[in-house]
Amino acid sequence: MLKKINEATNFIKSKTDKEFEFGIILGTGLGGLVNEINIELSIPYKEIPHFPVSTVQGHSGNLIIGELSGKRVVAMQGRFHFYEGYTMQELTFPVRVMKFLGVKKLLVSNAAGGMNANFEVGDIMIIKDHINLFPTNPLIGKNYDELGPRFPDMSKPYDLQIIETVENVAKKNNIKVQKGIYVGVSGPTFETPAEYKYMNIIGGDAVGMSTVPEVIVARHMDIPCFAFSIITDLGVDGKIVEVSHEEVQIVAQKAEKILTKLVKLVLAEL
Ligand code: HPA
C-alpha cells in the first residue's frame, strides 16, 4: 500500500513543484467549483498509477491542481462510491495520496436525502458529525502505523473551528445553511420510508452514499475535514416522494451556485 501511495504521489509531484494546502472532493453539488479554480494542471485518473477510474454518470475523473481563493488546491473531479464495487481501500486511495502530497485540510461535498423535518429541498447542510452505516470500514485490515494509529480517535470528525468559520461567512453573506449529522450508507437503493425514519431516530439529519469512508481515512491521517451536503430530497414522514438519480442531479445543480460561492468565501478565510 505505501509503495502504491508513493508511486501515485511521485507521479503527481513530477508534474508540479508547488505545495498543496487543500484537498477537495468535488461530489455532487460542487462539480461547478472546477470552473472557479485557476487550473495549473488536470490529470486524468487513468494516467495516475493505482488510481481507480470512476463509472458514474455525472462524475468525470480528473485530478485538478491549481489555485482557488488564493489557496493551492488539489481537487478530485469525480469520486468513487462503494456501490460501484470498489473496495473501501480503493475508493479512499486518493485521500491517502492527498496526504502524501501535503494537503492540510480536506473539503468534501455530497448530495443527501434530508430526514430533519426542518429541512427543505435545496438546503445546504454543514456536516457536523456522521454515523457510519456502511457494512464495513476502510481501516479494516493491516494497519500501517506510518499512516495513522490502529484505533483512531473520532471525537472530532469535522473540524469545529472550520465549521465556525463557515457559519460566520454564511451569516455575513446571507447564505442559508443548516447543520446536521450525516448518515453514510452503501446504497445503491435509496431508503425505504422505514429506513429514513430509523436513521432519523438514531440521530441522523441527512443520508447519503459517500463521504464517510473518505473522512475516516483522512482522520486516520489526522487531516482536518469539513463537508457539505446538498439536500436533494426529503425522507420526512408525509413528504416522501419517488427519488431518482436525475432529480438528485437537477436539485444539486441548482444549489451548486450558492455552495460554490460559500466555499470560495470560506477558503479565502482559512
Ligand atoms: N438517500 C441516499 N443517498 C442520497 C439521497 C437519499 O435520499 N439523496 C441523494 N443521495
Side-chain angles (χ1 to χ4, degrees), residues 25-33 54-60 76-86 88 91-92 107-138 157-158 176-216 227-260 263:
I25 302 178
L26 299 164
T28 311
L30 262 188
L33 192 65
S54 69
T55 63
V56 187
Q57 180 191 336
H59 295 258
S60 43
M76 289 179 68
Q77 183 183 34
R79 67 127 62 89
F80 306 101
H81 301 85
F82 190 60
Y83 61 74
E84 293 174 82
Y86 300 105
M88 282 282 182
L91 76 92
T92 55
L107 162 64
V108 188
S109 81
N110 60 55
M115 283 93 65
N116 186 316
N118 297 320
F119 287 5
E120 290 173 32
V121 166
D123 277 354
I124 293 168
M125 183 186 91
I126 301 167
I127 302 181
K128 67 172 179 183
D129 201 346
H130 72 224
I131 298 174
N132 179 19
L133 285 193
F134 282 86
T136 181
N137 184 302
Y158 300 87
K176 180 189 175 195
V177 284
Q178 306 278 10
K179 190 164 69 168
I181 295 171
Y182 177 87
V183 182
V185 296
S186 72
T189 44
F190 290 113
E191 287 61 40
T192 66
E195 286 166 345
Y196 281 128
K197 188 174 175 188
Y198 158 73
M199 289 172 193
N200 188 227
I201 288 170
I202 63 168
D205 296 294
V207 54
M209 307 173 195
S210 67
T211 303
V212 168
E214 293 101 318
V215 168
I216 289 174
F228 298 95
S229 291
I230 290 179
I231 306 301
T232 55
D233 52 277
L234 294 174
V236 176
D237 203 17
K239 293 187 184 171
I240 298 174
V241 293
E242 270 186 39
V243 203
S244 69
H245 181 64
E246 289 68 31
E247 270 171 31
V248 165
Q249 299 285 328
I250 289 166
V251 175
Q253 260 161 34
K254 279 190 197 153
E256 189 169 283
K257 252 196 188 141
I258 304 166
L259 184 54
T260 299
V263 163

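Nothing here was measured: the structure is a model prediction, and the numbers come from that model. Sequential numbering from 1 along the given sequence is applied to the chain's residues. In listed order, ligands and their atoms are each counted from 1. Scope of the values below: all heavy atoms of this structure, side chains included, with no hydrogens, waters or symmetry mates.
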Participant: Does atom CG (D237) have a neighbourhood of more than 12 heavy atoms from anything else shown, all under 6.0 Å?
Facilitator: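 No - once you tally the heavy atoms of other residues, nucleotides and ligands closer than 6.0 Å, there are 12 at most.
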Participant: Please write down residue, atom name and distance for the protein heavy atom closest to atom 1 (N) of ligand 1.
Facilitator: E191 OE1, 2.5 Å
Participant: Begin from the C-alpha positions of I230 and S109 and carry the test side-chain contact (heavy atoms from CB on, under 4.5 Å) through to its verdict.
Facilitator: CA-CA 8 Å; I230 290 179; S109 81; over 6 Å; no
Participant: Under a 4.0 angstrom heavy-atom cut-off, which atoms of ligand 1 come close to M209?
Facilitator: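 This gives 2 (C), 3 (N) as the contact atoms.
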Participant: Please write down residue, atom name and distance for the protein heavy atom closest to atom 9 (C) of ligand 1.
Facilitator: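 For this ligand atom, the closest protein heavy atom is T232 OG1, 3.3 Å.
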Participant: Can you tell me if G208 contacts ligand 1 (heavy atom of the residue under 4.0 Å from the ligand)?
Facilitator: yes
Participant: Taking the side chain as C-beta and beyond, is there a heavy-atom pair between Y182 and V108 under 4.5 Å?
Facilitator: no
Participant: Identify the closest protein heavy atom to atom 5 (C) of ligand 1: which residue and atom is it, and at what distance?
Facilitator: G113 N, 3.4 Å
Participant: Return the residue, atom name and 0.1 Å-rounded distance of the protein heavy atom closest to atom 10 (N) of ligand 1.
Facilitator: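 Protein heavy atom at minimum distance: A111 O, 3.4 Å.
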Participant: Is it the side chain (CB and beyond), the backbone, both or neither of Y196 that lies under 4.0 Å from ligand 1, heavy atoms counted?
Facilitator: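 It is the side chain that gets close, since no backbone atom is under 4.0 Å.
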Participant: Quick check on side-chain hydrogen bond (donor to acceptor under 3.5 Å, both in side chains): which of Q253, E246, H245 does Q249 satisfy it with?
Facilitator: H245
Participant: Taking the non-hydrogen atoms of A112, is any one of them nearer than 4.0 angstrom to ligand 1?
Facilitator: yes
Participant: Among D205, D123, N200, exactly one meets side-chain hydrogen bond (donor to acceptor under 3.5 Å, both in side chains) together with N116. Which residue is that?
Facilitator: D205
Participant: For a side-chain contact (heavy atoms from CB on, under 4.5 Å) check, start with the C-alpha distance between N110 and R79, then their side-chain angles and the critical distance, and finish with the verdict.
Facilitator: CA-CA 10 Å; N110 60 55; R79 67 127 62 89; 4.1 Å; yes
Participant: Quick one: look up the protein heavy atom nearest atom 8 (N) of ligand 1 and list residue, atom name and how far away it is.
Facilitator: D233 OD1, 2.7 Å
Participant: Would you please determine whether V207 falls within less than 4.0 Å of ligand 1 on a heavy-atom basis?
Facilitator: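 Yes, that is the case, since the closest heavy atom of the residue is under 4.0 Å from the ligand.
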Participant: For K176, is the NZ atom crowded, meaning more than 12 foreign heavy atoms sit under 6.0 Å from it?
Facilitator: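 Enclosed: over 12 neighbouring heavy atoms sit under 6.0 Å from NZ of K176.
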